[in-house]
Amino acid sequence: RGNVQAITRPLSLNLRFELGMKVILKLIVFFVFAFIFFSSCFGTARLTAKYLEEKNTRSVENNPSPYFWIMAFKGNDVQTIHFEELEDFKKSNRDYSFLVPKDKSEYFNQKFADNRSKPMFEFDVEQLSEDRQLIKLTSAGSTTSGKDWYEATNKEVFPKKSWVSGYGEVFPLLGIGFLGGTIPCLVFFFIYRRFIKPRLFQTNLTIL
């Protein structure tokens, strides 16, 4: 009886170890699949969105849209106006500037973020010279989003280019992203079944 117990105990330990390894390997394979799928989905959708933005961005130097967005600053306040409202705004406002105040980009972006009403705005600014800036103003409304690029001086604006997108374009992006995540997973599954799994079988472990 003592010999039977001595033999059974190591077999039981080996079985537990084998079962534990099977679980660990299954989890590793699952997380590898998940990582490949989601990273490929996100990467494909992001690259596609960037490509479509570059493709659909158009020059507006000679013919800006009436709905081209512009920012005007007065003290600690910022106001967004459409290009078609620009001349009326200039006539009714004197103490204003189209230049983003120095070192206040973060402050005004935070003001935009705190304002939850539509459309919502965010901007980036590049200092071209002491009295001239290149501004990219991003807007997100209820049905569309867009980006408007313009150069600004203290009292003048010069539209450069514009991009507008409807939220309906999100669904094709999701489909492209899903496809971009599925294909690498199928490739990995083939490699796994053909090359990786047979080697794991050599360890007498049966997984998946």
Side-chain angles (χ1 to χ4, degrees), residues 29-72 78 80-86 98-100 105-106 108-129 132-153 156-194:
V29 171
F30 171 79
F31 283 116
V32 169
F33 268 108
F35 173 79
I36 292 174
F37 178 76
F38 287 108
S39 61
S40 299
C41 276
F42 178 78
T44 303
R46 186 174 182 180
L47 288 174
T48 303
K50 186 176 181 180
Y51 167 76
L52 291 176
E53 179 180 325
E54 292 178 353
K55 181 180 178 181
N56 296 327
T57 298
R58 61 187 183 88
S59 173
V60 294
E61 291 188 56
N62 299 322
N63 187 28
S65 164
Y67 304 107
F68 189 95
W69 283 109
I70 297 166
M71 294 184 297
V78 57
T80 51
I81 56 176
H82 283 135
F83 187 78
E84 65 177 357
E85 304 168 336
L86 184 58
F98 294 122
L99 291 173
V100 179
S105 295
E106 185 176 346
F108 285 110
N109 268 319
Q110 187 60 50
K111 288 197 73 169
F112 281 140
D114 292 339
N115 183 9
R116 296 297 179 180
S117 61
K118 298 288 185 178
M120 300 177 67
F121 294 96
E122 183 182 10
F123 70 88
D124 296 303
V125 59
E126 178 184 348
Q127 198 74 34
L128 300 178
S129 64
R132 197 178 186 94
Q133 297 172 338
L134 175 62
I135 297 171
K136 180 180 76 173
L137 181 59
T138 303
S139 59
S142 300
T143 58
T144 61
S145 61
K147 296 179 182 180
D148 296 312
W149 290 261
Y150 63 94
E151 292 184 9
T153 62
E156 297 292 335
V157 293
F158 307 92
K160 293 298 180 181
K161 55 185 180 177
S162 182
W163 169 80
V164 179
S165 173
Y167 290 125
E169 297 179 13
V170 171
F171 298 105
L173 280 179
L174 291 176
I176 293 172
F178 180 81
L179 185 63
T182 302
I183 293 175
C185 280
L186 291 175
V187 173
F188 176 73
F189 182 75
F190 171 77
I191 295 173
Y192 164 75
R193 297 283 293 188
R194 185 73 178 271

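- For the atom pair I183 CD1 and F37 CZ, the distance stands at 11.5 Å (nearest 0.5 Å).
- Taking every heavy atom of both residues into account, I70 and L137 meet most closely at N-CD2, 4.0 Å.
- A heavy-atom distance below 4.5 Å is found between the side chains of M71 and Y150.
- Heavy atoms only, all atoms of each residue included: G177 and C41 are closest at O-SG, 3.0 Å.
- Here the closest non-hydrogen pair linking P64 and E61 is CD-O, 4.4 Å.
- Atoms OG1 and CH2, on T138 and W163 in that order, are 8.5 Å from each other to the nearest 0.5 Å.
- Atom CZ of F158 sits in a crowded spot, with more than 12 heavy atoms from other residues, nucleotides or ligands closer than 6.0 Å.
- Between S162 and D148, the shortest heavy-atom contact is OG-OD1, 2.7 Å.
- Between E54 and K50, some side-chain heavy-atom pair lies under the 4.5 Å cut-off.
- S139 places a side-chain heavy atom less than 4.5 Å from the side chain of F121.
- Counting heavy atoms from C-beta outward, N109 and F123 have side chains that approach closer than 4.5 Å.
- To the nearest 0.5 Å, the span separating CZ on F42 from OG1 on T44 amounts to 10.5 Å.
- Taking both residues in full, the closest heavy atoms of G180 and P184 are given as O-CD, 2.8 Å, listed atom of the first, atom of the second, then distance.
- Contact between Y67 and H82 at its shortest, heavy atoms only, is O-CD2, 3.2 Å.
- With rounding to the nearest 0.5 angstrom, the CG atom of D114 is 9.0 Å from the CE atom of M120.
- Distance check: K160 NZ to R58 CZ gives 15.0 Å after rounding to the nearest 0.5 Å.
- Under a cut-off of 6.0 angstrom, the local environment of CZ in F178 is sparse, with at most 12 non-hydrogen atoms contributed by other residues, nucleotides or ligands.
- Note on ring orientation: taking the six-membered ring where Trp is involved, the planes of F188 and Y192 are parallel (angle under 30°, cut-offs 30° and 60°).
- Under the 4.5 Å side-chain criterion, counting only non-hydrogen atoms from C-beta, W149 is not in contact with V60.
- No donor-acceptor pair closer than 3.5 Å links the side chain of N56 to the backbone N or O of V164.
- Between F98 and L86, the closest side-chain pair of non-hydrogen atoms falls below 4.5 Å.
- Within the model, atoms CZ of F112 and OG of S117 stand 10.5 Å from one another, a figure rounded to the nearest 0.5 Å.
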